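Take a look at the structure below.
Bear in mind that the values here come from a model prediction, so they are computed numbers and not experimental data. Numbering of ligands and ligand atoms starts at 1, following listing order.
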Amino acid sequence: MNYKPSYKYIPPITWSFLTPFYDFFCAIGGLGGRFKMKILDSVALSDGLVVADIGCGTGVFLKVAKQKHPRVTFMGLDPDRQALAIAERRLAKANLDVELTEAFAESLPLADGSVDMVFSTLAFHHMPDEIKQKAIREILRILKPGGFVVITDFGPSSKFLFSWLLPVFENVEYLRGNLQGHIRKYLQEAGFVDIDIRADISILRLELIKATKLVYAS
Ligand SMILES: C[S@@+](CC[C@H](N)C(=O)[O-])C[C@H]1O[C@@H](n2cnc3c(N)ncnc32)[C@H](O)[C@@H]1O
């Protein structure tokens, strides 16, 4: 990976020494396999599709997704080597063929129009606002026309957590844009259409935003 971020990178659970415990924290916070399955089930997948999980972390989503849809090609991308190593072990243990790549969302090593669907879960609140915008433009670039993205993350309806729990673990500066509804705004500004928002995901009241890349009429 040649790209180096010019901002402070935030590991899965704020400090890298906690990365081995990320799955444990997810499980007790209601963000484990069942939560990932709920995200997967928010859309219909068919055999032969190519799907990328951006900011895939330790690979729990990729595992449940590949087990449910063995004929879909899944790939996981994340800048964190430690998290990717956990994902690699998890997928190998389950005998699942999923390609993992070290990459930042704002600089994706994927060709234009090469992916049918993108998922990104809890990664956008790890990015400063201008990086959220770049990541959304990258996702638009790699998607095929008519393809879509599903971003699940903190949004305006998670504000109630902001005052107490989150500042302990998370970078408040990066989180602010999420809480102000910037993800949906940036999707709209980038040209995504049919933006659909569900604000009842998990006890943390995360937002699940689905947005489609326009198919231009010729
Ligand atoms: C809270 S974890 C979520 C992991 C996984 N998606 C999940 O739901 O369990 C956030 C992830 O975002 C990744 N991340 C941080 N900055 C990123 C960036 N600029 N581009 C892509 N991923 C990033 C971190 O390495 C981490 O794995």
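- Clustering ILVMFWY residues whenever any of their side-chain heavy atoms sit less than 4.5 angstrom apart, transitively, puts Leu179 in the very cluster that holds Leu206.
- Inspection of the Asn178 and His125 side chains reveals no N or O donor paired with an N or O acceptor under 3.5 Å.
- Within 4.0 Å of ligand 1, protein heavy atoms come from Tyr7, Tyr9, Ile10, Pro12, Tyr22, Lys36, Gly55, Cys56, Gly57, Asp78, Pro79, Asp80, Phe104, Ala105, Glu106, Thr121, Leu122, Ala123, His126, Met127.
- A side chain to side chain donor-acceptor pair (under 3.5 Å) with Thr58 is found for exactly one of Thr19, Asp78, Asp23, namely Asp23.
- Defined by atom type and a distance below 3.5 Å, a donor-acceptor pair is missing between the side-chain atoms of Tyr174 and Asp129.
- Judged by the 6.0 Å and 45° rule, Lys132 forms no cation-pi pair with Phe124.
- Side-chain contact, Tyr7 with Glu173: no donor N or O sits under 3.5 Å from an acceptor N or O.
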